[in-house]
2 protein chains.
Amino acid sequence: MQITTERLTTSLKSAGMRMTPQRAAICKALAESEAHPTAAMIYDELRPQFDSLSLATVYNTLEALVKIGVVNALGGAGDGSIHYDADTEPHVNLACISCNKIIDIPSSHVQQLDDEITSTSGYKLLGARVLYYGLCPECQKKQEN
Amino acid sequence: MQITTERLTTSLKSAGMRMTPQRAAICKALAESEAHPTAAMIYDELRPQFDSLSLATVYNTLEALVKIGVVNALGGAGDGSIHYDADTEPHVNLACISCNKIIDIPSSHVQQLDDEITSTSGYKLLGARVLYYGLCPECQKKQEN
DNA sequence: TTCTAAATTTAGAATTATTATAAACAATAA
DNA sequence: TTATTGTTTATAATAATTCTAAATTTAGAA
């Protein structure tokens, strides 16, 4: 599914938050990224456009999006930092513990799993993550040398 | 599946590492815990027995177990810390973002998912985690007040 | 048992991601 | 305009984890 910037910005607005140039840019960067970026990655990407941007603003905006439920916070990619994912549909993340990239891979079973947990857990569910980790083909080759 | 202390200690030995009282105690604490403990939790549990135990030793031992592949490192439980799980069979973790407890729940689909990813990813897989997060029944009640 | 070399533990310092704080700034509404 | 509230910013504080170097322990040989 294609994630739109508008989905994120309208979510913030309907949660009673004002739209600012910084927040709009953070939503856009996140929605258009394939890289499951960290706060620092978004900050670095936007810094050229917003000379005075603060990391705190990036964290605050991401935290708000997570709280609303339109963004998932993904830990455990091998680096010590949180990656953000604007795709909240059930899907599988595949992380390389060497280069720390995270990609999505399609799965025909993950939706059934999601239905099962949703109906049986007894929790008020706020999000999920399915993460597999290992060495990507490129890093496997590098390691052989 | 029941996790045995021996599985962890023999793994360390066959990886060429020496067995020490500290390492044995860390393996035992992890194997016998239901709580998906953090390094700090293991440290606190063992401190009474090992007066001079260092957190660095706990981290080193856990890191070795993760590298060998007999323990999984689970991030993203809502606190900022890594939880460790000696059960490496595919299963679902359910985390409460309020009290930060992690429990296992049974699932009839997670094994199929695991087979699918293992055969299609192209990665050299080292571990996996399936995490759902939300509010446990107790914390839901507390939040209503 | 004693000796030796290598591995391990330890205490504390360093690092790093994230959160908190308070002052400056911007936007909204009366 | 003015008051009010929300937001951004720079910086300080916090906390989990890793690093470092010295002291200790281990396994095995003598």
Side-chain angles (χ1 to χ4, degrees), chain A residues 8-9 11-27 29 36-44 46-68 71-84 97 100 102, chain B residues 8-27 29 36-44 46-68 71-84 95 97 100 102:
Chain A
L8 303 182
T9 55
S11 297
L12 287 178
K13 279 188 274 189
S14 50
M17 299 178 70
R18 290 179 186 163
M19 190 43 48
T20 66
Q22 292 90 335
R23 285 178 179 164
I26 291 164
C27 289
H36 305 81
T38 63
M41 288 164 71
I42 293 174
Y43 174 76
D44 291 340
L46 297 180
R47 199 69 195 291
Q49 310 166 41
F50 287 89
D51 203 30
S52 70
L53 182 66
S54 166
L55 248 182
T57 301
V58 180
Y59 276 108
N60 287 341
T61 305
L62 292 170
E63 184 191 7
L65 291 165
V66 169
K67 195 163 286 174
I68 292 167
V71 165
N72 281 339
L74 318 177
D79 52 2
S81 39
I82 298 173
H83 293 247
Y84 294 87
I97 63 165
N100 297 323
I102 304 178
Chain B
L8 303 183
T9 54
T10 56
S11 296
L12 287 178
K13 279 187 276 188
S14 50
M17 300 179 69
R18 292 179 184 167
M19 190 43 48
T20 66
Q22 292 91 335
R23 286 179 179 165
I26 291 164
C27 289
H36 304 81
T38 63
M41 289 165 71
I42 293 174
Y43 174 76
D44 290 340
L46 297 180
R47 200 69 195 292
Q49 311 165 41
F50 287 88
D51 203 30
S52 71
L53 183 66
S54 167
L55 250 181
T57 300
V58 179
Y59 276 107
N60 287 341
T61 305
L62 292 170
E63 185 191 7
L65 290 165
V66 170
K67 194 163 288 177
I68 292 168
V71 165
N72 281 339
L74 318 176
D79 51 2
S81 40
I82 298 173
H83 293 247
Y84 293 88
I97 63 163
N100 296 322
I102 305 178

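Values reported hereafter were calculated over all heavy atoms of this structure, with side chains retained and with hydrogens, waters and symmetry mates removed. Computed from a prediction, not measured in an experiment: that's the story for all the values here. Residue numbering restarts at 1 for every chain, and letters A, B, ... go by the order of the sequence lines.
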Side-chain polar contacts of residues 49-56 of chain A - donor-acceptor pairs under 3.5 angstrom, sequence neighbours left out - could you list them?
| from | atom 1 | to | atom 2 | distance (Å) |
| --- | --- | --- | --- | --- |
| Ser54(A) | OG | Ala56(A) | N | 3.1 |

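For Asn60(A) and dA22(C), the CG to C1' distance is 14 Å, given to the nearest whole Å. Rounding to whole angstrom units, CG of residue Leu53(A) and P of dA10(D) are separated by 9 Å. Atom CZ in Phe50(A) sits about 15 Å away from atom P in dT7(D), given to the nearest Å. If you take OH of Tyr43(A) and C1' of dT19(C), they are 16 Å apart, rounded to a whole angstrom. For the pair Leu74(A) CG and dA17(C) C1', the interatomic distance rounds to 16 Å; values are reported in whole Å. Atoms CZ (Arg47(A)) and P (dT9(D)) sit 9 Å apart, rounded to a whole Å.
With axes fitted over five pairs at each extremity, the angle between the ends of the helix from dT1(C)-dA30(D) to dA30(C)-dT1(D) is 20° (10° resolution).
Between Asn72(A) and Val66(A), the closest side-chain pair of non-hydrogen atoms is not below 4.5 Å. The shortest distance between side-chain heavy atoms of Thr38(B) and Met41(B) falls below 4.5 Å. Looking only at side-chain heavy atoms (C-beta outward), Ile26(B) and Thr57(B) come within less than 4.5 Å of each other. Annotation: side chain of His36(B) is in contact with side chain of Leu74(B) (closest heavy-atom distance under 4.5 Å).
For Thr9(A), the side chain to side chain contact (heavy atoms under 4.5 Å, CB included) test picks out Thr5(A), Glu6(A), Met19(A), Cys27(A), with sequence neighbours left out. With sequence neighbours excluded, the residues that form a side chain to side chain donor-acceptor pair (under 3.5 Å) with Tyr43(A) are Arg47(A). Residues forming a side chain to side chain contact (heavy atoms under 4.5 Å, CB included) with Ile82(B) (at least two apart in sequence, or on another chain): Ala73(B), Tyr84(B). Taking Asn60(B) as the reference, Glu63(B) meet the side chain to side chain contact (heavy atoms under 4.5 Å, CB included) condition, with sequence neighbours excluded. Under the salt bridge (charged side-chain N to carboxylate O under 4.0 Å, His left out) criterion, Lys13(B) pairs with no residue at all, not counting sequence neighbours.
Residues of residues 17-26 of chain A that place a heavy atom closer than 4.0 Å to DNA chain D, in numerical order, are Met17(A), Arg18(A), Thr20(A), Gln22(A), Arg23(A).
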I need a per-nucleotide contact map over nucleotides 11-24 of chain D, read 5' to 3'. Cutoff is protein heavy atoms under 4.0 Å; write B for the base, S for backbone only, - otherwise. -----SSBB-----
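Note on Thr57(B): a base of the nucleic acid sits closer than 4.0 angstrom, heavy atoms only.
The distance from the CD1 atom of Ile42(A) to the OG1 atom of Thr61(A) is 9.0 Å, given to the nearest 0.5 Å.
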